[in-house]
Amino acid sequence: MMNKIYPRKGDTQTVYLNAVVKDPSIEIGDYTIYNDFVSDPCLFEQNNVLYHYPINHERLIIGKFCSIACGVKFLFNCANHTLKSLSTYTFPLFYEDWELDKANVASAWDNKGDIVIGNDVWIGYEAVIMAGVHIGDGAIVGTRAVVTKDVPPYTIVGGVPAKEIRKRFSPDIIEQMQALKWWDWSVDKIREFLPYLMNGDLEKIVAMKNR
C-alpha cells in the first residue's frame with residue numbers, strides 16, 4: 001500500500017490509487033496512478049467506478065504500475081439490463097410497484113463478473129471498461145475505446161467496441177515478459193534494471209538476471 005497520495009510534488013491531478021481508494025471490493029496494486037484534470041482524482045471511487053453496488057459482491061482488481069488516464073470509467077453489472085427477458089425494462093428493480101419478490105432484484109441485470117486489470121496496463125483518456133472484462137498484463141487501451149471483451153497480454157486495442165490493433169511485441173518477447181513479471185521485483189531491483197526496462201533492452205535484463 002502506498003503511503004503518499006501524490007507521486008509528484010505540486011501535482012494534485014495525479015494520485016497513487018491505492019492511497020485514495022477505501023472500498024474493500026476494489027483492489028489496487030502499488031504504483032498504479034490515476035490522472036484527472038477535470039475532477040478531483042481522489043474521488044475515483046465516486047466518479048469512475050460506476051453501478052458498483054454491494055448486492056452483486058463484484059470486485060474491481062487493478063494490478064501494479066498501471067496508468068489510468070482522465071475520465072476512464074469502469075461500468076459494473078448493474079449498468080446492464082437482462083437479455084433473458086422479453087422486455088428491457090427492469091421490473092425486478094421496482095418490485096414494490098409490481099408486487100415482486102425483493103429477493104429477486106438482481107435478476108434485473110445479467111451478472112458478468114468482476115473487472116480485472118493486469119499489471120503495467122495503460123488505459124487511455126475516457127475509455128470505458130465493461131463488466132466482466134479481463135485485461136492482460138502490459139496491454140494498452142486506446143482513447144475512448146469501449147472494451148466489451150477480454151484483452152490478451154501486451155495487446156493494443158481501440159475503437160467502439162474495442163478491437164485488437166496489434167501486439168506490442170513478438171510472441172517470443174511477450175512470453176519472456178510474462179515470465180519476467182518485473183512488477184513483482186523489489187524496489188531496489190527495479191531501480192537497478194530501470195535503464196534497461198525504459199530502453200527496451202530485454203536481452204540485457206535477461207543476461208543480468210542469469211549472471
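The structure displayed is predicted, hence computed values, not measured ones.
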Classify the side-chain pair D23/S25 by whether it contains a donor and acceptor separated by less than 3.5 Å.
yes

Rounded to the nearest 0.5 Å, how far does CE of M130 lie from CZ of F76?
11.0 Å

Do Q176 and L202 make a side-chain contact, defined as non-hydrogen atoms from C-beta onward lying under 4.5 Å apart?
yes

Quick check on the hydrophobic clustering: are W183 and M208 connected, directly or via other members, by side-chain heavy-atom contacts under 4.5 Å?
yes

Examine L93 and W98 and state if one hydrophobic cluster contains both, with Ile, Leu, Val, Met, Phe, Trp and Tyr joined whenever side-chain heavy atoms are less than 4.5 Å apart.
yes

Between V157 and V121, is there a shared hydrophobic cluster once you connect ILVMFWY residues whose side-chain heavy atoms come closer than 4.5 Å?
yes

Please tabulate, for side-chain N and O atoms in residues 84-91, each donor-acceptor pair with protein atoms closer than 3.5 Å (sequence neighbours left out).
residue : atom : partner : partner atom : Å
S85     : OG   : S87     : N            : 3.0
S85     : OG   : S87     : O            : 3.0
S87     : OG   : Y89     : N            : 3.0

Scan residues 128-154 for pairs that pass salt bridge (Lys or Arg N to Asp or Glu O under 4.0 Å), counting only residues two or more places apart or in two chains.
E126-R144

Are R8 and D11 close enough for a salt bridge, meaning some N to O gap below 4.0 Å?
yes

Polar side chain donor-acceptor pair, D110 to N77, under 3.5 angstrom:
no

Are any of the side-chain heavy atoms of I129 and I135 separated by less than 4.5 Å?
yes

Does any non-hydrogen side-chain atom of I68 lie less than 4.5 Å from one of F74?
yes

Cluster overlap Y31 with W122, hydrophobic side-chain contacts below 4.5 Å:
no

H52 side chain reached by I26 side chain, heavy atoms, under 4.5 Å:
yes

Does any non-hydrogen side-chain atom of P41 lie less than 4.5 Å from one of T14?
no

Run the side-chain contact (heavy atoms from CB on, under 4.5 Å) test on D101 and Y95 for me, step by step, so that the C-alpha distance in whole Å, both residues' side-chain angles and the decisive distance to 0.1 Å come before the verdict.
CA-CA 6 Å; D101 186 350; Y95 57 89; over 6 Å; no

Distance (rounded to the nearest 0.5 Å) between D30 CG and C66 SG:
11.5 Å

Is there side-chain contact between P171 and Y154, with at least one heavy-atom pair below 4.5 Å?
no

Just wondering, more than 12 heavy atoms not from E175 lying within 6.0 Å of its CD?
no

With side chains defined as the heavy atoms from C-beta onward, is the minimum distance between I174 and K167 less than 4.5 Å?
yes

Is it true that Y51 and W109 fall in one hydrophobic cluster, defined by side-chain heavy atoms closer than 4.5 Å?
yes

Are T32 and F65 packed together at the side-chain level, in the sense that at least one heavy-atom pair is separated by less than 4.5 angstrom?
no

Can you tell whether the side chains of K22 and E45 come within less than 4.0 Å, N to carboxylate O?
no

Is it the case that the ring center of W182 lies less than 6.0 angstrom away from the ring center of F193?
no

Between Y34 and D36, is any side-chain donor less than 3.5 angstrom from a side-chain acceptor?
yes

Rounded to the nearest 0.5 Å, the CG atom of N18 sits from the CD1 atom of I33 at a distance of 12.0 Å

Side chain D40, main chain C42, donor-acceptor under 3.5 Å
yes

Any chance NZ of K73 has more than 12 other-residue heavy atoms, nucleotides or ligands included, within less than 6.0 Å?
yes

